[in-house]
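In what follows, a structure is listed as structure tokens, so that the remarks can point back to it.
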Protein chains: 2
Amino acid sequence: MSQLRIRSKVWLEVDGQPFLGDGRYRLLSAIQRNGSINAAARDLGMSYRKVWAQLQAMEETTPFPLMERRTGGKDGGATHLTAETLTLMKRFGEVRTRVNAAADHCFHECFAGDHDDVAT
Amino acid sequence: MSQLRIRSKVWLEVDGQPFLGDGRYRLLSAIQRNGSINAAARDLGMSYRKVWAQLQAMEETTPFPLMERRTGGKDGGATHLTAETLTLMKRFGEVRTRVNAAADHCFHECFAGDHDDVAT
DNA sequence: TTTCGCTATGCATATTTCGCACAACGCACT
DNA sequence: AGTGCGTTGTGCGAAATATGCATAGCGAAA
């Protein structure tokens, strides 16, 4: 009576280096939504340090600038994504949705029936 | 001129706990192929300690015995997978293959053309 | 009773992850 | 000019995790 489920993960690689996956996708979304890296970190419940490190790693493997960061100013600064990043995210989101659906489909085909008994 | 590729990963979960993924699949295969955990570890270039820890974690979330371990004897002992494990692996392998194929397909559809220029 | 190669595990070390604390920045308002 | 504010950026120690060495225990066959 244990629940058997399938999970799938999709990500893009640039020259063999992980580049855009689910976590980073959510991170970028949060940045765009909140207007700053700091606010995004708080939003996601992560430390700014961690988020910053992720972005750092991400930009190292990216052939184009991911975001425009402004520091200082009345409200301390801000960050927003470039147009290229937005289109990339849109495409990636599409692929991810489709692959997840395909995974569910294959799962139900191959494991038809035994969703609680693991191997019959 | 950077190479953009898609990668995908599929795994099974039992009650929300990771249960069978690609690494463990290879590990189980190696055990069956070699007839012992020790030989499998050497085969995969891992330390026995590490392999053992993985199996330990795996069996904790498994509702049925994964393998039959025999200790002692002339040749020290042996380990082989149970029939349930074998059928489970077969099904999982099938799902994984199909999902990978689906991922490639979706990728080519959504990123048609720009395999080197990331976002155009 | 000895031998042998395997399973099993304690423990010290190496590696990675994590986050606190603080520096730099620059616009607005005084 | 000077101060305040909320960002971005970063050094560094601590905490968690991964790793593997070294060793104990096992039991059938010789």
Side-chain angles (χ1 to χ4, degrees), chain A residues 9 11 13 16-62 64-82 85-86, chain B residues 9 11 16-62 64-82 85:
Chain A
K9 191 181 268 187
W11 71 98
E13 286 187 357
Q17 289 299 312
F19 162 62
L20 179 60
D22 205 52
R24 289 175 175 182
Y25 181 89
R26 278 198 304 273
L27 177 52
L28 292 178
S29 300
I31 289 174
Q32 188 70 355
R33 190 168 59 245
N34 292 280
S36 87
I37 299 178
N38 203 321
R42 264 172 304 168
D43 188 5
L44 297 178
M46 307 188 204
S47 71
Y48 176 86
R49 190 68 177 80
K50 183 175 178 180
V51 165
W52 182 85
Q54 294 230 4
L55 296 174
Q56 175 77 4
M58 199 170 175
E59 296 214 287
E60 271 175 14
T61 62
T62 310
F64 63 90
L66 276 181
M67 55 196 104
E68 208 161 301
R69 297 137 116 128
R70 187 167 50 76
T71 177
K74 167 60 181 297
D75 52 353
T79 295
H80 70 270
L81 306 182
T82 62
T85 304
L86 289 174
Chain B
K9 191 183 272 189
W11 71 99
Q17 290 298 313
F19 161 62
L20 179 60
D22 206 51
R24 289 175 174 183
Y25 180 90
R26 276 199 303 273
L27 177 51
L28 291 178
S29 300
I31 289 174
Q32 188 70 356
R33 191 168 58 245
N34 292 279
S36 87
I37 299 178
N38 204 319
R42 263 172 304 167
D43 188 5
L44 298 177
M46 307 188 204
S47 71
Y48 176 86
R49 190 67 176 80
K50 183 176 179 178
V51 165
W52 181 85
Q54 295 230 3
L55 295 175
Q56 175 78 1
M58 198 170 176
E59 296 214 290
E60 271 175 16
T61 63
T62 309
F64 63 91
L66 276 181
M67 55 195 105
E68 208 162 302
R69 297 137 115 126
R70 187 169 50 76
T71 175
K74 169 59 184 296
D75 52 351
T79 295
H80 70 270
L81 307 181
T82 64
T85 304

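Here the structure is a predicted model, which is why all the values come from computation and not from measurement. Residue numbering restarts at 1 for every chain, and letters A, B, ... go by the order of the sequence lines.
Atom NE2 of residue A:His80 and atom OG1 of residue A:Thr85 lie 9.5 Å apart, to the nearest 0.5 angstrom. Rounding to the nearest 0.5 angstrom, the gap separating the CG atom in A:Leu27 from the CG atom in A:Asp22 is 11.5 Å. The distance from atom CZ of B:Phe64 to atom CG of B:Leu66, rounded to the nearest 0.5 Å, is 5.5 Å.
Put simply, the side chain of A:Thr82 gets close to the backbone of A:Pro65: a donor and an acceptor are under 3.5 Å apart.
Contacts of residues 65-80 of chain B with DNA chain D (heavy atom under 4.0 Å): B:Thr71, B:Gly72, B:Gly73, B:Lys74. DNA chain D is contacted by B:Ser47, B:Arg49, B:Lys50 of residues 23-57 of chain B, taking any non-hydrogen atom closer than 4.0 Å.
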Original post:
Please walk me through it: do B:Leu28 and B:Met58 pass side-chain contact (heavy atoms from CB on, under 4.5 Å)?
Top reply: CA-CA 11 Å; B:Leu28 291 178; B:Met58 198 170 176; 3.5 Å; yes
Can you give me every donor-acceptor pair (side chain of residues 41-57 of chain A, partner residue at least two apart or in another chain, under 3.5 Å) with its distance?
residue: A:Asp43; atom: OD2; partner: A:Arg33; partner atom: NH2; Å: 3.0
residue: A:Asp43; atom: OD2; partner: A:Asn34; partner atom: ND2; Å: 3.0
residue: A:Ser47; atom: OG; partner: A:Lys50; partner atom: N; Å: 3.2

Side chains of residues 67-79 of chain A: which donor-acceptor partners sit under 3.5 Å, not counting sequence neighbours?
residue: A:Arg69; atom: NH1; partner: A:Glu59; partner atom: OE1; Å: 2.7

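Taking all atoms of both residues into account, the shortest heavy-atom contact from A:Trp11 to B:Lys9 is CZ3-CB, 3.8 Å. What you find for B:Ser36 and B:Ala39 is that their closest heavy atoms are OG-N, 2.9 Å.
Defining each end axis of the helix from C:dT1-D:dA30 to C:dT30-D:dA1 as the rotation carrying four pairs' C1' atoms onto the next four, with five pairs an end, the two axes are found to diverge by 10° to 10 degrees.
Taking 4.0 Å as the cutoff to heavy atoms of chain A, we find the contact window on DNA chain D bounded by D:dG6 to D:dC12.
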